[in-house]
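Beneath this line is the structure, given in structure tokens, with notes to follow.
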Amino acid sequence: MSKWLVLLLCLPLFSQSQDIKIIPEPVSITEKTGSVTLNTNSSILVVGNNPDAIRVAKLLSEALSKPTGYKFPVKSGSGSKVAGNNISFQLNSKADESIGKEGYKLTVGTNGINISANTPAGLFYGTQTLIQLLPTEIESKTEVKGVKWTAPAVEISDYPRFGWRGLMFDVSRHFFTKQEVKQYIDDMVKYKYNLLHLHLTDDEGWRVEIKSLPKLTEVGAWNVYKVGTFGNFTAPTPDEPRNFGGFYTQDDIRELVQYAKDRFMNILPEIDIPGHSLAAVASYPELSCTQGSDKYTVHSGEKFMNWTDSGNIALMDNTLCPANENVYAFYDKVFTEIAQLFPFEYIHMGGDECAKNFWKKSDAVAQLMKRENLKDMNEVQSYFVKRIEKIIESKGKKLIGWDEILEGGLAPNAAVMSWRGIKGGIEAAKMGHEVVMSPTTFVYIDYMQADAVIEPPVYATLRLKTSYEFEPVPDGVDPKFVKGGQANLWTEQVYNLRHAQYMTWPRGFAVAEALWSPKEKRNWSDFVPRVEKQFERYDVAEKKYAPSVYDPIFKAEKDSASGKLIVEMSTEIDGLDIFYSFDNSFPDKFYPKYEKPIVVPKDASTMKVITYRNGKPIGRLNVMPVAELEKRATRKRR
Ligand code: ACM
């Protein structure tokens with residue numbers, strides 16, 4: 001075999017070379033010989049004078065100036081070609097059909113760096129790709145000396161698979177400041193997300209000022225500060241101050257909406273009703289069917305719900321009364337202000353997990369059922385959603401809700417966000433409704449990323465590799481009804497922005513790729529080194545990410561003949577060595593290496609495990625009690 005043939009066969013099937021590691025994977029990359037090195041004289045030329053294109057150029061100039069120390073002046077005008085070490089932006093005068101509304105073409109070559117697009121959004125996404133072509137130090141918040149700021153010669157043509165590329169950020173369970181939300185947006189746009197879904201209200205807090213209903217934030221934005229494992233907290237006592245939380249003023253919201261818009265991102269506001277409404281009910285008790293008979297306070301993480309397969313039982317009434325006309329008048333006011341604040345075409349009304357136990361006991365609900373001929377609680381909920389749809393549409397907006405809004409009959413024009421798997425999305429799409437896919441099974445980024453023995457505890461696990469398998473269009477569904485997808489970050493157990501970053505990345509990389517890149521280009525073993533390149537970038541940027549992909553997967557079983565406890569271990573990524581101990585000491589590469597399922601020694605109490613790569617530790621120390629393995633071995637398989 002010739003040397004060249006060997007070389008050719010060794011080339012990865014999936015496009016990106018050693019130097020080029022981009023997430024999400026572009027539609028097409030052609031590598032060329034040569035490179036462009038930016039220097040102190042480099043500038044950014046905007047061909048023409050489109051103000052949005054100039055703004056995008058200024059954002060790029062800012063991003064490049066800090067780490068390089070160069071100025072990158074933005075010039076605009078009619079000069080077409082730029083030489084050598086400069087960057088040019090060009091809005092196509094005649095639309096390039098091949099790249100659509102958000103696509104771009106990026107060329108690095110003898111004429112410098114050129115980005116062209118049909119819209120400023122396309123230019124913006126081109127700049128995000130360009131940043132990923134530059135050395136990792138480009139992510140530094142301060143000047144880095146001695147780096148050659150070189151981008152390899154390349155031709156990229158790129159556009160998204162879906163128009164709805166979202167992340168949901170729950171700012172209710174824990175409040176995140178306006179500045180923190182901006183940082184979250186900054187992180188999202190790097191991976192070409194274009195939608196931030198803000199979960200603004202829940203049992204733990206109402207986070208948006210409604211001027212006509214001031215108690216929503218005077219009372220509803222505040223609970224008792226507790227730290228530990230949310231859901232297991234002691235019930236607040238009357239002497240504990242209710243001063244934990246916060247909210248966005250309407251000016252804050254306008255600022256956030258503009259900040260997002262400047263980065264081509266929409267904000268979808270969610271007002272979660274008729275369940276998850278304790279913050280509203282605590283502020284205005286007359287909204288519930290049980291006013292006067294229940295004592296309402298904003299939830300502070302104590303146990304207040306029994307989750308059962310046949311429906312949730314609320315221990316405190318956190319629902320709105322669907323039989324009370326004043327509730328509809330109240331939410332007419334809320335949605336009037338929300339519609340004025342958020343320009344996005346949809347408003348999310350939640351609709352999930354509504355406990356019906358208080359409705360079942362309500363005379364008013366019984367009368368409503370009789371009057372409206374509603375045969376069960378699902379039809380009561382459906383009645384409520386249809387009334388809310390009319391209100392939202394009267395404000396010129398479209399309604400979207402979690403897939404429970406299908407129960408009892410879907411409102412005529414509602415879009416469905418499918419979270420309990422994909423079946424709600426399939427059902428809605430088959431009825432001709434718009435769908436956004438965000439199933440727990442692939443994109444619930446509040447779940448743990450590795451074993452519970454190493455991760456902050458949450459009730460389920462979702463590994464990176466599973467997130468990477470997210471496919472928004474199920475077989476048999478007409479893709480025209482699937483607007484796209486999103487991952488959801490619920491924040492009961494997320495107390496600060498560092499941890500929000502940890503939970504979001506790297507699974508956010510996987511979801512970004514599912515939503516942007518062509519389906520046929522997705523490939524796990526090609527994705528992993530690109531994720532690791534992002535880890536290097538995050539280290540430079542001092543942003544947090546989860547290294548959980550390096551931690552082992554445990555499987556415990558009882559040998560049916562001998563009754564012995566057997567542990568099997570594996571890793572998500574190839575090329576890792578697993579070392580372990582049963583003698584309580586810390587394993588390293590001189591300890592037993594895992595080769596095949598092992599019998600747990602009879603008297604062992606703890607197994608300690610660590611992964612290595614190329615002789616260097618890479619995973620974290622996993623400390624697994626043998627009692628936990630015993631428990632898992634006898635537990636019914638899921
Ligand atoms: C949800 O996760 N309750 C939508």
Side-chain angles (χ1 to χ4, degrees), residues 164 166-174 195-207 230-231 268-280 299 301 304-314 318-320 346-356 378 381 384-385 388 399-408 410-411 414-428 433-448 458-462 466-467 470 472 483-494 500 503-504 507-508 511:
W164 184 301
L167 293 181
M168 188 215 75
F169 194 14
D170 171 5
V171 292
S172 172
R173 267 49 179 275
H174 280 107
L195 184 121
L196 174 66
H197 168 174
L198 284 181
H199 182 75
L200 286 166
T201 71
D202 213 302
D203 302 314
E204 291 74 18
W206 185 284
R207 305 300 182 202
F230 181 99
L268 168 68
E270 180 185 353
I271 303 295
D272 197 352
I273 52 175
H276 286 281
S277 292
L278 192 53
H299 185 225
F304 93 129
M305 186 78 77
N306 282 332
W307 305 94
T308 76
D309 288 343
S310 53
N312 310 321
I313 310 293
N318 69 338
T319 61
L320 306 178
Y346 290 88
I347 291 177
H348 200 304
M349 60 135 302
D352 58 322
E353 298 180 318
C354 180
K356 314 286 190 339
N378 283 344
Q381 175 173 287
F384 178 86
V385 175
I388 294 296
L399 178 146
I400 186 165
W402 300 111
D403 57 60
E404 283 92 333
I405 66 171
L406 282 152
E407 292 165 354
L410 189 54
V416 170
M417 196 170 267
S418 189
W419 74 279
R420 295 175 302 175
I422 55 173
K423 62 181 189 317
I426 295 173
E427 190 184 331
H433 287 249
E434 290 180 325
V435 166
V436 174
M437 285 295 187
S438 65
T440 52
T441 32
F442 296 100
V443 295
Y444 260 44
I445 57 173
D446 58 325
Y447 288 4
M448 297 179 293
V458 183
Y459 56 90
T461 298
L462 172 70
T466 310
S467 281
F470 176 42
K483 295 182 74 64
Q486 61 179 53
N488 299 330
L489 181 61
W490 302 101
T491 60
E492 286 95 327
Q493 313 292 353
V494 180
M503 297 305 285
T504 306
R507 289 177 296 190
V511 176

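Read the numbers this way: they start at 1 and go in the same order the structure lists the ligands and their atoms. Hydrogens, waters and symmetry mates play no part in the numbers below; they use all other heavy atoms, side chains included.
The backbone N or O of G421 sits less than 3.5 Å from a side-chain atom of S418, completing a donor-acceptor pair. Between the side chain of D170 and the backbone N or O of T491 there is at least one donor-acceptor pair closer than 3.5 Å.
Side chains of E404 and W419: a donor on one and an acceptor on the other come within 3.5 Å. Defined by atom type and a distance below 3.5 Å, a donor-acceptor pair is present between the side-chain atoms of Y346 and E434.
At a threshold of 4.0 Å, the pair R420-E407 counts as salt-bridged, since one of the basic side-chain nitrogens sits closer than that to a carboxylate oxygen.
Residue-level contacts of ligand 1 at the 4.0 Å heavy-atom threshold are D352, E353, W402, W419, Y444, W490.
Under the salt bridge (Lys or Arg N to Asp or Glu O under 4.0 Å) criterion, K356 pairs with no residue at all, not counting sequence neighbours.
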